[in-house]
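Okay, structure first, notes after.
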4 protein chains.
Amino acid sequence: MDTDQPAKIGAQHLPLRDQVLAALRKGIISGDYPPGERLTEDRLAEDFGVSRNPVREALRVAEAEGFVVILPRRGAVVASPSSATIHDIFAVRERLEPLAARLAAERATPGDVTSLRAVLEQARLATEAQDLRRVGELNSALHLQILGISGNPWLASIAKALYLHVQWVFQMTAKVRAPHSWDEHIKLVDAIGSGDGELAETVALEHVGAASAAAHETAGRA
Amino acid sequence: MDTDQPAKIGAQHLPLRDQVLAALRKGIISGDYPPGERLTEDRLAEDFGVSRNPVREALRVAEAEGFVVILPRRGAVVASPSSATIHDIFAVRERLEPLAARLAAERATPGDVTSLRAVLEQARLATEAQDLRRVGELNSALHLQILGISGNPWLASIAKALYLHVQWVFQMTAKVRAPHSWDEHIKLVDAIGSGDGELAETVALEHVGAASAAAHETAGRA
Amino acid sequence: MDTDQPAKIGAQHLPLRDQVLAALRKGIISGDYPPGERLTEDRLAEDFGVSRNPVREALRVAEAEGFVVILPRRGAVVASPSSATIHDIFAVRERLEPLAARLAAERATPGDVTSLRAVLEQARLATEAQDLRRVGELNSALHLQILGISGNPWLASIAKALYLHVQWVFQMTAKVRAPHSWDEHIKLVDAIGSGDGELAETVALEHVGAASAAAHETAGRA
Amino acid sequence: MDTDQPAKIGAQHLPLRDQVLAALRKGIISGDYPPGERLTEDRLAEDFGVSRNPVREALRVAEAEGFVVILPRRGAVVASPSSATIHDIFAVRERLEPLAARLAAERATPGDVTSLRAVLEQARLATEAQDLRRVGELNSALHLQILGISGNPWLASIAKALYLHVQWVFQMTAKVRAPHSWDEHIKLVDAIGSGDGELAETVALEHVGAASAAAHETAGRA
DNA sequence: GTGGTCTAGACCACT
DNA sequence: GTGGTCTAGACCACC
């Protein structure tokens, strides 16, 4: 995915705290840091090879994002999404993703639609190759791209956070509903491409509903 | 709702960073730190009488909440909500507050409703006394309480952040649409009290629509 | 080449100056900054998206490494290796690479040898695939690996600098002697694997001699 | 070779960073900044009466030369040559000084030889006067002059760096092998004067071997 | 004693 | 020269 001529050095040189945050999110979502696990600052600092200060700053943001719970003077613990959490998250997603789809349909340029269709095509190939991991990545990429097209950064930021949590839960339950979701995705992109906001919103609502149902089937612990 | 006897000392002893964060939010919303203002760590540390580390941690969270913008190696700046931002925020609120009202209607206990009506009554008295500041506070209190009753912490947390930003913008434009909003509030509480989720959602949608219109009239600058 | 579990964040988070230095070296060797080109600090700062300070520090080191020439109060210019320079460099390489080969032969563990042979195999595949760029990279990788095995950091550091310059000259003359060099490399690795320092030194000397001859044929300008 | 009348002011006015670098090298070699000592930028800036910027640039070059070790985000420390380091350095010198002697023999003009003999004579006088410090300086001057005569700037630059480090180690161990080395020096100059490269190389090799042995006797600590 | 919290100080980069 | 960033170390609450 890297361009040959990398972006300017200054722009890609992120502070340690940001890299720590990304690594921490990844570690949590991947299950390396399982729910309920205590996250002592010293341990994380050692894991990442940095001092405790950037770890602390990353933990504050991770808390704001809902990945960890911090108890004052007690330390941080990986959050434990329950089935209730999943229910809550989907309740919000059911409202926001249709909005995103509508806005995207109203604002999408031909280039945007081409880009979305490219993701669909890649997903088709990955599905044929049975590369489930890649399918999952493309699933995320598609939704994130739609959020970007919506042109509402607040919506995008909130929905992205929700989306990451859903991925996390899926990861925990070791189930992916990849098999049957791409038909819905194609319909969604078609609707966005048509420019019909009302239609896009309807399709998105159905899609979230299906995802929600699948999630609730597989959830139910911790 | 607070007991006269304050809660346990340990529970009310918040870390400095949390107090700094609260003070920072308040300072930004109140306009003491106007949009575009540079927030050097040293200055904030001095303002709050702490060292730079708790200031840094508070800034990270304030960034995640959208109150400040942090540019790597350049420092923090108070965010500058534009009229586009207001539009974006209301677009999301229009989806989430009706959801909150519906959930609240479906879950509200009689005690919850009594509590909501108490706020309405206090607001009526404050309006008669022309205590506009108090009216504003009660406005916030009402909406936050509804969010709490909804029982969806994700929804509550997101909507609260949006709500704070709306307050901020109102503060900036120095206009409050307090005069005519309480009629709507009464209708909203009635709907919640009735337990009719569908009705509550409809009333909430109208309310947000009115607020949105008022906000867009008064907004329109960096 | 990246491992799945990346190295600790702290270890791979280099200062901007180091990244600038690496980019500058790469730009010079690749010919993007041709010999004789003036390198104003402002321009480099813009090219890399950083401020002038890290650029200045990178330039000092690049000067110490012989890639640029800095004239006091006049600025930096990309160095212009002449055929005399090539001659000088090879005169030194003829003494140091045999030494490196001898030391490597005396110190190589079985694992070291396996690693060297892996590079040879990759090079064979890349040669078959006619991926000349990859062949060049593996060529460098092999020699650098031998230097590392030698266990003499001074030798490694000096020889590496010489090696980079030779690559630069090859790049300038747009000639690569890749075709016939891998036979020699195989002999060299065999000698190192045998543990016979004397033999390794002899083979290395022949190898450098061949490279030197090839370089002198293709050089002769700028 | 310097004229009595100093060169033009512009040419002799070196940038501050170069003067700082020279002073830093001198301070390290002389033991004023002992191995392992932390070199904070502020302290050096104060010591030399300059701002931190030229200090930083000098430190980068000093690192490239092996006098200091810089740990990212940790600062600079004076390098600590161990006996292993000494061994490594001499292993390289054994290859490069004979080469320098051979090249010098092949290229030396009568004037060059006269100049070398003048150094020998001064050294004889200084030895008689028991001015050991002067003897040491002349020792260095002789070897540096031979490197210059070799006509290979790469060789000269590399060998000079090695030579400075050897001096440093001798300084640290407070031992100088001055007593018996001048006989060897005379033989070396004779060989160079004869124009017989093979002979010069042989003599130089013996000389480095003797120096190496002496160094290893006196070394043996961090 | 472990570990969260905060301060002091220094490196690093921008202006 | 100012200011962002990170590290080292001290304080102090909890187990």
Side-chain angles (χ1 to χ4, degrees), chain A residues 9-11 13-20 38-46 48-60 63 68 70-77, chain B residues 8-11 13-20 38-46 48-60 63 68 70-77, chain C residues 9-10 13-20 41-42 45-46 48-58, chain D residues 38-46 50-57 59-60 63 70-77:
Chain A
I9 294 174
H13 182 79
L14 296 175
L16 275 179
R17 63 169 177 274
D18 288 350
Q19 301 186 45
V20 168
R38 283 201 64 191
L39 296 176
T40 66
E41 298 173 356
D42 267 330
R43 180 219 186 164
L44 292 178
E46 175 124 358
F48 299 139
V50 300
S51 87
R52 284 167 46 191
N53 213 328
V55 169
R56 289 173 61 82
E57 297 181 22
L59 279 174
R60 303 314 161 214
E63 181 194 24
V68 305
I70 296 181
L71 299 90
R73 302 181 296 285
R74 289 286 188 77
V77 178
Chain B
K8 291 177 183 175
I9 294 176
H13 175 80
L14 294 175
L16 272 181
R17 62 170 176 276
D18 289 349
Q19 302 185 43
V20 168
R38 284 201 62 191
L39 296 176
T40 66
E41 297 173 357
D42 268 331
R43 177 214 185 170
L44 293 178
E46 176 128 355
F48 299 137
V50 299
S51 88
R52 284 167 48 193
N53 213 326
V55 168
R56 288 173 61 82
E57 297 182 23
L59 278 174
R60 305 311 161 217
E63 181 193 25
V68 306
I70 296 181
L71 297 91
R73 303 183 296 284
R74 290 284 186 79
V77 178
Chain C
I9 294 174
H13 181 79
L14 296 175
L16 275 178
R17 61 167 179 276
D18 288 350
Q19 300 187 43
V20 168
E41 296 174 359
D42 269 332
E46 174 123 359
F48 298 138
V50 300
S51 86
R52 283 171 47 190
N53 215 322
V55 169
R56 287 175 62 85
E57 298 180 25
Chain D
R38 285 201 62 190
L39 296 177
T40 65
E41 298 172 357
D42 269 330
R43 177 211 184 172
L44 292 178
E46 176 130 354
V50 300
S51 85
R52 282 170 39 193
N53 218 323
V55 169
R56 287 174 62 84
E57 298 180 24
L59 278 174
R60 305 313 160 214
E63 181 193 27
I70 296 181
L71 297 91
R73 305 179 294 283
R74 292 281 186 81
V77 178

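Nothing here was measured: the structure is a model prediction, and the numbers come from that model. Computed over heavy atoms, backbone and side chain alike; hydrogens, waters and symmetry mates excluded. Here is how names work: the chains are called A, B, and so on, in the same order as the sequence lines, proteins then strands, and each is numbered from 1.
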request  = Give the B/S/- string for nucleotides 8-15 of chain E, one per nucleotide from 5' to 3', where a protein heavy atom under 4.0 Å of the base yields B, of only the sugar-phosphate yields S, and otherwise -.
outcome  = --BBBSBB

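Looking at heavy atoms from C-beta onward, C:R17 lies in side-chain contact with D:R56 at the 4.5 angstrom threshold. Here the side chains of D:R73 and A:L16 are in contact, with some heavy-atom distance below 4.5 Å. Residues D:L59 and D:I70 form a side-chain contact, since some pair of their non-hydrogen atoms from C-beta on lies under 4.5 Å apart. Counting heavy atoms from C-beta outward, A:H13 and C:H13 have side chains that approach closer than 4.5 Å. Residues C:V55 and C:V50 meet the side-chain proximity criterion, which asks for heavy atoms closer than 4.5 Å.
For B:Q19 and E:dT5, the CD to P distance is 13 Å, given to the nearest whole Å. Nucleotide E:dC6 holds its P atom 14 Å from the CG atom of B:L59, rounded to whole Å. Atom CZ in A:F48 sits roughly 18 Å away from atom C1' in F:dT5 (whole-Å rounding). Look at CD on B:E46: it is 13 Å from P on E:dT7, rounded to the nearest Å. F:dT2 atom C1' lies 15 Å from atom CZ of B:R43, rounded to whole Å.
Within the shown strands, F:dC14 is the pairing partner of E:dG1 under the Watson-Crick or G-U definition, both distances less than 3.5 Å.
More than 12 heavy atoms of other shown residues, nucleotides or ligands fall within 6.0 angstrom of atom CD in B:E41.
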